[in-house]
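Numbering of ligands and ligand atoms starts at 1, following listing order. Only heavy atoms go into these numbers, but all of them, side chains included; no hydrogens, no water, no symmetry mates.
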Amino acid sequence: MITKRLDISPENYGDSIREAARILKNEGIVAIPTETVYGLAASALSEKAIKSVFTAKGRPQDNPLIVHISDIDMLYDVAEDIPEKAIECAKRFWPGPFTMVLKRKEGIDKSVSAGLDTVAVRMPDNTVARDIIIESGLPLAAPSANSSGSPSPTAASHVLYDLDQKIDAVIMGENCKVGVESTVITLVTEKPRLLRPGAVTVDQLKEILPDIEIDRAVLTEPEDKEKVSSPGMKYKHYAPKTNTYLIVSEREKFVNFVNFKKNSGAVCFDEEIGDIEIPAISYGNSSDEKTLAKNVFSALRKADELGVNTLYIHAPSKTGVGLAVYNRLIRAAAFKVMEL
Ligand code: AMP
Ligand code: MG
């Protein structure tokens with residue numbers, strides 16, 4: 001199939017939004033920008049469209065999708081038995097990089113939730129994404145618009161690299177501001193639980209949910225892969241093609257370690273790249289977690305172009321949005337983490 005490039009410069013904006021909505025209403029699939037990463041959108045009411053998303057991405061069938069809405073009222077079309085805390089969270093964190101797992105409402109296709117009786121819901125902080133939802137009048141299921149397992153796409157060019165000719169259209173939008181996927185919490189367990197860290201931090205969540213628990217899978221490899229509460233967390237994920245290790249260490253030790261490695265490359269911080277003698281890509285200053293989040297996935301894609309056999313990534317701190325970056329990188333390294 002030919003993948004349409006939809007231009008959203010001011011003179012074409014309206015036409016492109018209408019074309020994206022038309023494709024979605026006809027059960028097609030369209031990659032759209034959001035503030036986190038590019039999403040591959042499909043009608044959450046169409047089993048056929050959802051199937052196309054799983055096929056285009058090569059996504060495991062048991063990994064559910066997040067449903068995107070454009071205003072709080074739409075939440076009632078997607079979920080039911082919505083607790084008061086969910087409304088408080090929605091008012092505080094939406095639109096934004098924040099997803100809640102709630103009880104799924106009938107009408108939302110079962111395949112969206114990979115058969116679970118729950119549904120993950122988010123309102124993105126991106127005008128283009130919200131305009132497409134409004135124009136189509138549909139809740140949109142949208143996982144990241146990459147091939148399953150590869151680094152998430154934060155630019156339209158990343159989407160085309162992975163999915164050209166596999167999807168109906170891509171919105172040629174700007175690069176994503178946040179750069180890592182949304183924070184996911186569940187509110188269907190006895191206590192609220194963080195399933196995936198993102199740009200809404202644990203400290204922010206605690207202001208509304210003081211008793212929130214952090215799922216083990218956030219920082220460690222799940223032992224029993226059948227029992228993970230967020231299926232997406234059990235896979236090797238976000239990974240470059242190159243064999244990758246995550247290195248937890250101080251600056252000097254990291255530099256000395258990688259400088260002895262032959263046929264290898266480094267993904268490192270701004271303040272150390274000048275001392276690194278092997279091919280290297282920086283993803284920002286170590287103290288600036290927001291920039292690290294914004295750059296991490298494009299750095300992983302660029303690292304695959306270095307022509308090396310092995311990659312060593314310098315791990316960020318786990319504070320603030322750094323926790324989300326660390327969570328993605330342990331998976332990018334297939335849990336091969338070394339402390340120096
Ligand atoms: P992605 O679409 O790539 O952003 O991944 C969506 C993430 O949300 C995955 O980690 C899923 O496992 C998680 N998720 C989506 N729906 C649910 C659900 N109903 N219950 C638990 N986790 C979910
Ligand atoms: Mg993904």
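- Leu219 and Val180 fall within a single hydrophobic cluster, where Ile, Leu, Val, Met, Phe, Trp and Tyr are joined by side-chain heavy atoms under 4.5 Å apart, directly or via other members.
- In terms of N/O distances under 3.5 Å, ligand 1 is approached by Thr118.
- Relative ring orientation between Phe93 and Phe98 is described as tilted, the plane-to-plane angle lying within the 30° to 60° band.
- Thr201 and Asp203 form no side-chain donor-acceptor contact under 3.5 Å, judged by distance and modelled atom types alone.
- In terms of polar-atom proximity, Arg196 is counted as a contact of ligand 1, with an N or O under 3.5 Å from an N or O of the ligand.
- Put simply, part of Ser144 is less than 4.0 Å from ligand 1, judged by heavy atoms.
- Only the side chain of Asn63 comes within 4.0 Å of ligand 1, counting heavy atoms alone; its backbone N, CA, C and O stay farther away.
- Taking a cut-off of under 4.0 Å to the non-hydrogen atoms of Ala120, the atoms of ligand 1 that pass are 15 (C), 16 (N), 17 (C).
- With hydrophobic clusters built from ILVMFWY side chains whose heavy atoms lie under 4.5 angstrom apart, Ile247 does not share a cluster with Val296.
- Aromatic ring pairs are classed by plane angle as parallel below 30°, tilted from 30° to 60° and perpendicular above 60°; the pair His314 and Phe269 is tilted.
- Not one N, O or S atom of Ser148 sits under 2.8 Å from the Mg ion (ligand 2).
- The existence of a salt bridge linking Lys294 and Asp288 is excluded, since no basic side-chain nitrogen approaches an acidic carboxylate oxygen closer than 4.0 Å.
- Those atoms of ligand 1 that come under 4.0 Å of a heavy atom in Pro143, given as number and element, are 2 (O).
- Heavy-atom distances between Arg59 and ligand 1 reach below 4.0 Å in at least one pair.
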